[in-house]
Protein chains: 4
Amino acid sequence: MIIVLRPNTTDAQIDHVLERIAELGLKPHLSKGEHRTIIGVIGDENKLQAEPLSAIPGVEQVLPILKPFKLASREFFKTDTVVMVGKVRVGGGAMAMIAGPCAVESAEIVNEIAGRVKSAGANILRGGAFKPRTSPYSFQGLGEEGLKILKDAGARHGMPTVTEVMDPRQVPLVDRYADMFQIGARNMQNFDLLKEVGQTKRPVLLKRGMSATVKDMLMSAEYVLAEGNPNLILCERGVRSFEDSTRNMLDMSAVPNVKSMSHLPIIVDPSHATGRPDLIPSMACAAVAAGADGVHVEVHSCPEKALSDGPQALLPKQYADLMERIRKIADVVGKTL
Amino acid sequence: MIIVLRPNTTDAQIDHVLERIAELGLKPHLSKGEHRTIIGVIGDENKLQAEPLSAIPGVEQVLPILKPFKLASREFFKTDTVVMVGKVRVGGGAMAMIAGPCAVESAEIVNEIAGRVKSAGANILRGGAFKPRTSPYSFQGLGEEGLKILKDAGARHGMPTVTEVMDPRQVPLVDRYADMFQIGARNMQNFDLLKEVGQTKRPVLLKRGMSATVKDMLMSAEYVLAEGNPNLILCERGVRSFEDSTRNMLDMSAVPNVKSMSHLPIIVDPSHATGRPDLIPSMACAAVAAGADGVHVEVHSCPEKALSDGPQALLPKQYADLMERIRKIADVVGKTL
Amino acid sequence: MIIVLRPNTTDAQIDHVLERIAELGLKPHLSKGEHRTIIGVIGDENKLQAEPLSAIPGVEQVLPILKPFKLASREFFKTDTVVMVGKVRVGGGAMAMIAGPCAVESAEIVNEIAGRVKSAGANILRGGAFKPRTSPYSFQGLGEEGLKILKDAGARHGMPTVTEVMDPRQVPLVDRYADMFQIGARNMQNFDLLKEVGQTKRPVLLKRGMSATVKDMLMSAEYVLAEGNPNLILCERGVRSFEDSTRNMLDMSAVPNVKSMSHLPIIVDPSHATGRPDLIPSMACAAVAAGADGVHVEVHSCPEKALSDGPQALLPKQYADLMERIRKIADVVGKTL
Amino acid sequence: MIIVLRPNTTDAQIDHVLERIAELGLKPHLSKGEHRTIIGVIGDENKLQAEPLSAIPGVEQVLPILKPFKLASREFFKTDTVVMVGKVRVGGGAMAMIAGPCAVESAEIVNEIAGRVKSAGANILRGGAFKPRTSPYSFQGLGEEGLKILKDAGARHGMPTVTEVMDPRQVPLVDRYADMFQIGARNMQNFDLLKEVGQTKRPVLLKRGMSATVKDMLMSAEYVLAEGNPNLILCERGVRSFEDSTRNMLDMSAVPNVKSMSHLPIIVDPSHATGRPDLIPSMACAAVAAGADGVHVEVHSCPEKALSDGPQALLPKQYADLMERIRKIADVVGKTL
């Protein structure tokens with residue numbers, strides 16, 4: 001960590017900063033320059049990150065040198081993590097092809113969609129039983145009934161399932177039915193929820209928050225890992241921006257960016273990122289070309305009657321066409337579906 | 001609601017859209033223009049908002065006419081809402097002057113700060129017992145012990161208290177100790193938490209999410225109001241932006257913007273918005289001039305030793321100076337402290 | 001165009017709006033709903049777009065139905081435009097592989113880089129002679145001398161050239177030396193410059209502004225097209241965002257998004273978008289998979305001594321490796337280099 | 001400047017970095033820590049800012065310590081700069097009250113508005129003769145005829161004038177008619193234009209770009225100052241954001257933020273920042289409370305017939321009411337109109 005002092009800092013102020021560092025058992029290293037005096041601090045940077053050093057009189061800036069996450073970092077764990085979702089491998093060259101309806105509406109619809117996406121090549125079934133809706137007047141999900149329907153459809157079609165959990169109190173219930181927890185974008189910094197799923201061994205699909213930096217996302221991953229659950233998959237799903245012709249802005253560079261900093265798998269969700277079915281196939285292909293460990297796509301057999309996010313769903317036929325294109329690109333970049 | 005059709009939509013497609021609208025018991029109103037055909041829909045727009053109309057073939061855009069919130073809207077309730085926090089009136093010309101440390105650290109420190117801010121003119125005491133921290137390795141708050149300390153300090157200095165609640169399971173506990181719940185920015189769309197505090201009658205201070213529009217914030221308010229709790233105060237605390245010299249970007253226009261759309265009181269938190277003590281006083285004064293119903297400021301007697309957010313706290317003396325300036329501006333704009 | 005009136009608008013106000021529309025020779029179409037009265041306007045929407053209708057008392061919102069650009073739109077011109085840059089075709093399946101140093105520094109360096117990128121498969125040579133630098137104290141480019149060096153290097157290696165023009169007064173000079181004008185992100189809305197290059201027949205590479213929406217970019221394209229120059233290529237190069245680990249945020253969905261709205265070719269510049277050489281190759285591959293009509297990459301044989309943007313340049317060897325991967329993906333998506 | 005090396009950097013790489021620094025005539029200062037080696041560099045940081053140090057193998061980050069602007073910085077010039085616009089003082093406690101129509105439309109309208117705003121207390125008259133319009137089909141301004149009308153109206157009503165200049169070729173012409181050049185948001189980084197106005201002695205009103213940080217704005221100011229023109233006033237006018245209910249997001253904290261870093265005056269333009277007349281008065285009052293050196297407001301006597309930006313103009317009566325409120329707040333914060 002480097003502490004930059006203001007011009008005209010007094011010697012007494014400098015001494016005070018040096019004392020505070022020594023109190024923490026760390027070694028300060030003073031360099032006086034023409035315009036600024038700087039203090040390098042050697043030792044455990046984590047001790048300092050909790051300290052409000054920039055509140056000390058005379059301090060202009062505090063510049064951290066190390067990244068604030070540890071268990072999630074590539075420096076801590078060099079090789080790519082592989083997460084098992086049921087019997088499906090994700091990471092290290094193996095891709096998660098997650099597909100299904102936004103919300104679980106009925107056994108009939110889920111089964112139909114599951115059959116279609118399975119035969120197109122999907123390997124994990126998604127569907128929401130608890131739905132985070134901006135409006136309290138929108139469909140909020142079927143709850144436990146929805147969990148059952150999803151589990152049955154997964155079992156029938158031979159696919160593990162993933163479903164969103166929104167409330168720490170739902171964790172044991174969802175744990176009984178699903179093969180992977182999804183933490184939605186709005187809950188990426190719901191720290192109590194992160195701790196709760198961190199105390200299970202079940203895989204977690206952590207979606208990036210709408211205004212989260214890549215480092216923020218890795219800090220949230222750190223919450224889960226620090227509780228003892230290493231089975232984490234990250235998901236880029238677009239961030240808020242000024243662009244008004246897409247629902248969010250898909251930050252495609254998050255894929256290689258995460259991989260440079262972390263060993264965790266990362267997949268891409270072009271459905272929520274764009275909100276536009278006409279843009280989903282090209283963004284799914286781009287994600288695979290960018291090195292993503294999977295793609296998450298909403299599919300509905302009758303989007304205009306879907307109870308949630310119908311307008312952003314692909315039709316089963318469109319999904320099957322997309323999977324053919326994805327297979328070819330995966331082949332070029334050395335991934336397996 | 002207005003439905004815009006694509007150029008070259010077929011008559012069969014138009015008929016299909018008209019049928020779907022009729023199925024919902026609403027009346028469509030067709031206008032064929034030179035370049036586009038549009039359909040106006042008369043009747044309860046809420047019925048339509050849940051429908052994925054833009055997924056119907058031939059539909060180019062769906063333009064809502066009404067705002068998606070109802071109980072929070074100025075159209076629903078014309079006069080300014082006044083919320084009682086303990087015996088303190090907030091709204092309708094009366095201002096909440098909320099001050100205190102970021103986190104409750106010890107009875108001694110909280111009491112000292114409470115005494116200082118009270119004598120400067122603060123009327124509500126803040127302090128966090130449960131802290132949402134980006135890092136799992138940062139101080140997470142004292143929990144129930146912190147709630148007790150805060151309550152005692154409030155009682156001793158004659159101030160109602162506000163403290164953050166992060167988990168629906170903590171609501172009953174916090175309800176026993178605090179006079180107002182705070183929902184933090186990271187939980188603005190934690191809908192289960194919103195429902196839980198909505199089922200109490202205790203006032204709620206709802207902070208704007210870091211990437212929430214003003215309408216998103218009012219939709220989250222709607223969740224609380226729809227559960228039956230009308231005691232809600234909004235808080236502008238800055239949003240995420242590209243500007244890197246302040247912690248967030250304070251959207252000052254949210255104050256009159258909310259007031260144009262809603263009857264709810266709105267206060268401003270310049271501490272979290274700027275993250276810089278040197279900018280807090282001018283932003284607090286600007287907030288009052290802009291018509292805010294209060295100001296939320298973090299104050300600490302020794303910022304450099306604070307366990308949370310020390311660098312953005314004002315010293316008690318700085319707070320007292322600020323309150324003198326605020327009083328003069330409040331006088332000009334016709335507000336009372 | 002649709003005009004939404006406020007609740008409680010008086011009949012006199014409604015009549016006044018209807019009169020204003022009639023004055024413009026257009027036909028209003030009134031629909032009174034339960035909550036709102038709306039007026040659909042049939043006729044030439046462009047006439048209305050210039051009118052400040054929302055300033056009329058009683059008007060709540062004005063919703064345009066048509067896109068504000070015309071010559072750039074897919075509705076105006078259905079098939080993909082192909083632009084000839086020298087003898088290189090761009091668009092309609094043919095890709096522009098633009099490479100070269102950020103700034104032209106010396107004949108020797110430019111020639112070396114040109115030879116290397118040409119043999120790797122690049123087909124257009126880039127290099128800046130006039131540099132837009134944030135700081136007045138940074139290297140500002142070699143000017144005319146730089147233009148000569150670039151032209152010579154292009155001629156020697158059989159590549160047409162592209163270089164930035166920043167000032168309308170430079171247009172005739174740059175026109176003498178370069179095969180394509182580049183309009184940089186900072187000048188995307190420098191309308192006098194757009195008009196000036198619009199009065200030539202030379203191809204224009206128009207880069208997206210850092211806070212421009214896709215529609216804003218197409219409006220700027222419209223300025224060039226409206227002056228009579230149809231030879232325009234768009235370039236996505238990242239926009240400003242809160243993410244601080246990349247220089248800009250690459251909006252990959254702009255590629256299919258532009259293609260849905262416009263017939264113009266669009267390429268991607270991962271160098272400026274990410275600012276990080278380690279992310280450039282995967283983003284270049286993703287761009288091709290997304291359907292881009294080309295890729296623009298900065299290459300330097302000694303990045304650590306480059307006078308401008310060295311840290312974001314690829315080495316010639318890295319570029320050659322990237323081109324091999326691009327070729328395979330281009331093959332999958334049916335593009336030719 | 002501080003250079004952070006990657007873990008596992010070799011000694012040969014470290015030596016290479018040290019050599020590069022020595023070549024520039026600067027002194028490196030090596031500190032080896034547990035996790036990272038850092039190199040502090042003492043001497044003229046400007047020399048280093050132009051160097052692509054982060055492209056050197058082994059370098060992880062380069063952290064500048066000094067701000068990149070000099071003449072604009074508070075460290076360079078401690079006291080507040082006062083700029084004379086005609087006979088009107090701006091800065092150092094004296095406020096610029098700039099008002100007038102968006103565009104100059106006719107002598108009659110400009111004269112009427114000038115008379116009204118002058119009697120309300122405005123001291124500088126604004127009006128556009130060259131208009132930067134997003135669409136090539138919108139009204140582009142009256143050009144020289146507009147400049148004459150504005151000058152005459154200013155002379156008749158005893159107010160200096162400010163008008164936008166968009167093209168370096170227009171500078172001599174505008175210089176003959178106006179008392180202050182305005183550089184619009186879209187041209188904040190039109191460096192050739194900045195240099196051109198920097199070569200005159202006429203005051204410059206520099207508006208913040210839509211995605212410019214406060215430091216970017218000060219770097220653009222540096223361009224003008226470095227050419228020899230010290231008469232510069234900055235203007236906060238809102239930045240691009242995801243909030244869709246206002247035209248831009250007014251970054252009110254830019255006012256004290258600029259004042260902490262620079263000696264230059266800064267004013268606020270709530271008209272362009274909000275785009276909503278109902279929000280302008282409260283934002284103008286807030287700006288004055290925040291310490292702004294002036295307020296820039298668009299006023300039109302018939303907004304619904306204005307040829308440009310009518311919907312965001314105040315009526316003369318509304319402006320007069322606002323000025324009464326501003327006077328009271330100015331009095332509280334110790335400013336004079």
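Lettering of chains follows the sequences in order, A, B, ..., and the numbering in each one begins at 1.
Contact tally against chain C (heavy-atom pairs below 4.5 Å) for A:Ala284, A:Pro281, A:Ala212, A:Gly238: the top residue is A:Ala212.
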Write out all chain A-chain C donor-acceptor pairs shorter than 3.5 Å, or none if the list is empty.
from, atom 1, to, atom 2, distance (Å)
A:Arg208, NH2, C:Glu243, OE1, 2.9
A:Val214, N, C:Glu243, OE1, 2.8
A:Glu243, OE1, C:Arg208, NH2, 2.9
A:Glu243, OE1, C:Val214, N, 2.7
A:Ser245, OG, C:Asn257, ND2, 2.9
A:Asn257, OD1, C:Arg276, NH1, 2.8
A:Asn257, ND2, C:Ser245, OG, 2.9
A:Ser260, OG, C:Arg276, NH2, 3.2
A:Arg276, NH1, C:Asn257, OD1, 2.8
A:Arg276, NH2, C:Ser260, OG, 3.2

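Neither the backbone nor the side chain of A:Ala273 comes within less than 4.5 Å of any heavy atom in chain C. No part of A:Val255 comes within reach of chain C, as not one of its non-hydrogen atoms sits under 4.5 angstrom from that chain. Contact annotation for C:Val288: neither backbone nor side-chain heavy atoms come within less than 4.5 Å of a heavy atom of chain A. Neither the backbone nor the side chain of C:Ala254 comes within less than 4.5 Å of any heavy atom of chain A. For A:Met283, the part lying near chain C is the side chain, with the backbone staying farther off; criterion is any non-hydrogen pair under 4.5 Å.
The two residues A:Ala289 and C:Cys285 have their closest heavy-atom pair at CB-O, 3.8 Å.
Note that CE of C:Met252 is 13.0 Å distant from CG of A:Leu279, once rounded to the nearest 0.5 Å.
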